[in-house]
Amino acid sequence: TSTPVNVTVTGAAGQIGYALLFRIASGQLLGADVPVRLRLLEIPQAVKAAEGTAMELDDCAFPLLDGVDIFDDATKAFAGTNVALLVGARPRTKGMERGDLLEANGGIFKPQGEAINAGAADDIKVLVVGNPANTNALIAQQHAPDVPAERFTAMTRLDHNRALAQLSKKAGVSVSDIKKMTIWGNHSATQYPDIFHAEIAGKNAAETVNDQSWLENDFIPTVAKRGAAIIEARGASSAASAASAAIDHVHTWVNGTAAGDWTSMAVVSDGSYGVPEGIISSFPVTTSGGKWEIVQGLEIDDFSRARIDASVGELAEEREAVRGLGLI
Ligand code: NAI
């Protein structure tokens, strides 16, 4: 068998970590024939809980799991790593201003970017899940100057999957009948789920649905505010669906998008679609051979333009804010 792929997961003792680690170890992240070695990073207070999860991982006797190492030191946790899933972050607590939130997360993602720069494997791929995901990814990327910028991505796949689910219900079709869904912008309430380029069984999705009021007043807000609706119903934030989306994101990045389809990933902008260069924004992307490319040449009408601009404007403001705080 081949040498194991090193996968580092931060926030491993958290709720997404608990839903994620078993799926990675079972082979769903990279493929059913790829052995993995898990490297878990936690803060010192949560190391014991991570050890408990590692005991359960042992007890699953996963044939593909080469072993589990636990760290409370980022430099060690990222040494030699091939895939880094940055899940641990500082949540917004009551009375916390945006600046405080960005500063607290800068304190996590700056040293993690530096540690990745110092010791990760040459083929390192990074997915940031911890919020504010796009800007946390930017902070880490800016502190890893020796790693190609395109290796830092943030997760909008959960939003993408939520959009597929809502559209499939509305149209009465299976999610697998829907292609070319797009999430643009920030993983926040300003995100823009776009069905104008999506297809249902090969036909334009917006024309097939033909219901602008549903699109504006139901679909877009439902997708954008789904996280809050889950908290309201479950009494806890989305964890299994977030973990599932993280699996999808990396699996698609490594194994490629299907012909005639694309996915949504937040990646470093090259200026495509008027998105300022350097910010980490969600785009329609195809992947092949472990590399992503932004889908080019889509026509953007005024309705979509306004929404993309609003979300991208928020990302540009977040970048200014972290610059102002000296975090990048
Ligand atoms: P959680 O609070 O259950 O777990 C977070 C874990 O991170 C904790 O165990 C904590 O000890 C750990 N942690 C904190 N600082 C750390 C550091 N410096 N290094 C390593 N570990 C550290 O949170 P949960 O539910 O697992 O969510 C994790 C993050 O994912 C949150 O920021 C959440 O907002 C975000 N999220 C993002 C989504 C997306 O679509 N991009 C969807 C859902 C959640």
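Each ligand, and each atom within it, is numbered from 1 in the order the structure gives.
R151 contributes a side-chain N or O that, together with a main-chain N or O of D122, makes up a donor-acceptor pair within less than 3.5 Å. Between the S26 side chain and the R23 main chain, a donor and an acceptor come within less than 3.5 Å of each other. For D100 (side chain) and E97 (main-chain N/O), a donor-acceptor pair under 3.5 Å exists by modelled atom type. Between the side chain of T153 and the backbone N or O of V267 there is no donor-acceptor pair closer than 3.5 Å. Using a distance-only test at 3.5 Å, with no hydrogens or angles considered, a donor-acceptor pair links the side chain of S311 to the main chain of N186. At distances below 3.5 Å, at least one donor-acceptor pair connects side-chain atoms of R92 with backbone N or O atoms of M96. A distance-only check finds a donor-acceptor pair linking the side chain of D261 to the backbone of K180 [under 3.5 Å]. In this structure a side-chain-to-backbone donor-acceptor pair under 3.5 Å is present from H143 to L327.
Atom 17 (C) of ligand 1 has its closest protein heavy atom at I43 CG2, 3.7 Å. Looking from atom 20 (C) of ligand 1 to the surrounding protein, the closest heavy atom is L41 O, 3.5 Å. Of all protein heavy atoms, the one closest to atom 40 (O) of ligand 1 is H187 CE1, 3.0 Å. In this structure, atom 29 (C) of ligand 1 lies nearest to the protein heavy atom V87 O, 3.2 Å. Here the protein heavy atom with the shortest distance to atom 4 (O) of ligand 1 is G14 CA, 3.2 Å. The protein atom (non-hydrogen) at minimum distance from atom 18 (N) of ligand 1 is I108 CG2, 3.5 Å.
For ligand 1, the polar-atom distance check finds no N/O of S238 at less than 3.5 Å from any of the ligand's N/O atoms. Considering backbone and side-chain atoms together, I16 places an N or O closer than 3.5 Å to an N or O of ligand 1. Annotation: G11 places an N or O atom under 3.5 Å from an N or O atom of ligand 1; distance criterion only. When only interatomic distances are considered, the shortest N/O to N/O separation between D159 and ligand 1 does not fall below 3.5 Å. Considering backbone and side-chain N/O of N131, one or more are found under 3.5 Å from N/O of ligand 1.
Under the 4.0 angstrom criterion, atom 2 (O) of ligand 1 counts as lacking any protein heavy-atom contact.
Using a 4.0 Å cut-off between heavy atoms, A74 makes no contact with ligand 1 at all.
Each of the following atoms of ligand 1 lies closer than 4.0 Å to a heavy atom of L158: 40 (O), 42 (C).
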Mind running ring-ring contact (aromatic ring centres under 6.0 Å, His included) on F196 and F303 for me, showing each step along the way? CA-CA 10 Å; F196 289 99; F303 179 85; 5.8 Å; yes
Take D69 and K76 through the salt bridge (Lys or Arg N to Asp or Glu O under 4.0 Å) test and state the conclusion after the steps. CA-CA 10 Å; D69 307 298; K76 291 184 186 136; over 6 Å; no
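One option in A242, A236, A133 has a heavy atom closer to atom 43 (C) of ligand 1 than any other, and that option is A242. Taking only non-hydrogen atoms, the option from V47, V129, I230 nearest to atom 41 (N) of ligand 1 is V129. Of all the listed residues (E42, Q15, Q112, R90), E42 holds the heavy atom that lies closest to atom 10 (C) of ligand 1.
A239 does not count as a contact of ligand 1, since none of its heavy atoms falls under 4.0 Å from the ligand.
Under the 6.0 Å cut-off for aromatic ring centres, Y273 and W184 qualify, their centroids lying closer than that.
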